[in-house]
Amino acid sequence: MCFNLTLFFLKIICSYISNSSVIAADAYSNLVDVLSTLISIYALWIAHLDAGKDHPFGHGRLEWLAGALNSFLLILVGINTFGSSMKNITGNTTTHYSSLIIVLLLISVLIKFCMWSYNLNVAKKVNSSLMQSIAVDCISDGLMTSCILFSIFLSKFTAIRHADIWMGFRTCLKSNIFGMIVQKR
C-alpha cells in the first residue's frame with residue numbers, strides 16, 4: 001500500500017507538471033490499487049476463518065469474490081483512461097515532458113515490476129488466486145507506465161501528435177482485457 005500511495009503522489013505531480021491526463025489516469029490507477037489491497041487483506045483474513053454455524057464450509061469463497069471485485073476495479077480504471085484520452089484528443093491539450101518526469105516514471109516501472117515479482121511468489125507459496133490477481137495487476141500497471149514512457153519518446157522523436165493520448169486508448173484496452181482475464185480465473 002505504501003508503494004502504491006507513493007507512486008500515486010509521484011505520478012499526480014508528474015501529471016500536473018506535464019499536463020498529461022494519461023499520467024493522471026495512471027496515478028489514479030495506483031490509488032485504486034490501494035483500495036484493492038485493503039479489500040484483499042480483509043478478504044484473506046475472513047477467508048481463513050474456521051467454519052461456523054452460519055458458514056458450515058468456511059469463508060474461502062470470499063477470496064474469489066475479492067478477486068472479482070479487484071478485476072472490476074481494474075476495468076473501471078481502463079474506462080477512466082479511455083474517457084480522459086477522448087477528452088484530450090478532442091481538446092487542444094499540450095503536454096510538456098522533462099527528464100525528471102521520465103526518471104520518475106522509470107522508477108515507477110521498476111517498483112511495479114518488483115511488486116509483481118513479490119506478489120507472484122507469495123501467490124505461489126500460499127496458492128492464492130487473489131494474490132495472483134494482484135500480481136497480474138502489478139505487471140499490468142508496469143506495462144501501462146512503460147507504454148506511457150514509450151509514447152513520450154515517440155512524440156518527442158517523431159511527428160506523431162499526441163502519442164501519449166493515443167497510448168491512453170491502448171492502455172485502457174489493456175486494463176479491460178487484463179481485468180477480464182483475472183475475473184475468469
Side-chain angles (χ1 to χ4, degrees), residues 1-39 69-119 133-182:
M1 285 192 323
C2 292
F3 283 131
N4 280 320
L5 277 174
T6 302
L7 291 174
F8 166 73
F9 287 117
L10 283 176
K11 289 177 185 178
I12 208 71
I13 290 168
C14 288
S15 73
Y16 283 119
I17 293 170
S18 65
N19 196 29
S20 173
S21 65
V22 176
I23 295 176
D26 195 18
Y28 287 112
S29 170
N30 290 120
L31 195 58
V32 168
D33 289 344
V34 172
L35 176 63
S36 186
T37 302
L38 288 172
I39 292 168
L69 182 59
N70 286 343
S71 59
F72 177 72
L73 289 172
L74 189 61
I75 290 170
L76 285 179
V77 168
I79 292 169
N80 179 40
T81 305
F82 178 80
S84 61
S85 295
M86 277 300 291
K87 187 174 107 181
N88 283 334
I89 283 180
T90 57
N92 203 5
T93 305
T94 305
T95 53
H96 312 283
Y97 296 109
S98 66
S99 300
L100 175 65
I101 291 171
I102 292 170
V103 168
L104 290 175
L105 291 177
L106 283 170
I107 290 170
S108 171
V109 170
L110 180 65
I111 289 171
K112 277 299 184 174
F113 281 114
C114 290
M115 289 172 65
W116 164 73
S117 177
Y118 171 79
N119 286 314
S133 73
I134 293 170
V136 169
D137 180 50
C138 288
I139 193 74
S140 119
D141 285 349
L143 291 173
M144 184 166 144
T145 307
S146 297
C147 290
I148 292 169
L149 279 166
F150 175 73
S151 69
I152 290 170
F153 289 114
L154 195 63
S155 65
K156 194 168 192 143
F157 298 112
T158 67
I160 298 175
R161 187 169 181 246
H162 298 304
D164 59 335
I165 298 169
W166 290 107
M167 195 61 70
F169 285 122
R170 186 230 157 296
T171 55
C172 84
L173 289 174
K174 179 260 334 150
S175 291
N176 287 328
I177 290 168
F178 273 145
M180 287 183 263
I181 288 170
V182 171

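Worth saying up front: this structure is predicted, and the values here are computed from it rather than measured. Values reported hereafter were calculated over all heavy atoms of this structure, with side chains retained and with hydrogens, waters and symmetry mates removed.
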Return the set of residues passing salt bridge (charged side-chain N to carboxylate O under 4.0 Å, His left out) with Lys112 (not counting sequence neighbours), or none when no residue passes. Asp33, Asp141

Drop me the distance from [X]'s [atom1] to [Y]'s [atom2], to the nearest 0.5 angstrom.
{"X": "Leu31", "Y": "Asn4", "atom1": "CG", "atom2": "CG", "answer": "9.0 Å"}
{"X": "Ile102", "Y": "Ile148", "atom1": "CD1", "atom2": "CD1", "answer": "12.5 Å"}
{"X": "Leu104", "Y": "Ser18", "atom1": "CG", "atom2": "OG", "answer": "10.5 Å"}
{"X": "Leu110", "Y": "Met115", "atom1": "CG", "atom2": "CE", "answer": "12.0 Å"}

More than 12 heavy atoms from other groups under 6.0 Å of CZ on Phe3: no

Quick one: are Ile101 and Ile23 in side-chain contact, heavy atoms under 4.5 Å? yes

Heavy-atom side-chain contact between Val136 and Trp116 under 4.5 Å: no

Under the side chain to side chain contact (heavy atoms under 4.5 Å, CB included) rule, what do Ser108 and Ile111 come out as? Steps first, then yes or no, please. CA-CA 5 Å; Ser108 171; Ile111 289 171; 5.8 Å; no

Tell me, please, which residues at least two apart from Ile13 pass side chain to side chain contact (heavy atoms under 4.5 Å, CB included). Ile17

Taking all non-hydrogen atoms of both residues into account, name the closest pair between [X] and [Y] and its distance.
{"X": "Ser146", "Y": "Phe113", "value": "OG-CE1, 4.3 Å"}
{"X": "Ser15", "Y": "Ala24", "value": "CB-N, 3.5 Å"}
{"X": "Phe8", "Y": "Asn30", "value": "N-CB, 4.0 Å"}
{"X": "Gly142", "Y": "Val109", "value": "O-CG2, 3.9 Å"}
{"X": "Thr145", "Y": "Leu105", "value": "CG2-O, 3.7 Å"}

Between Thr6 and Cys2, is there a donor-acceptor pair closer than 3.5 Å when you use the side chain of the first and the backbone of the second? yes

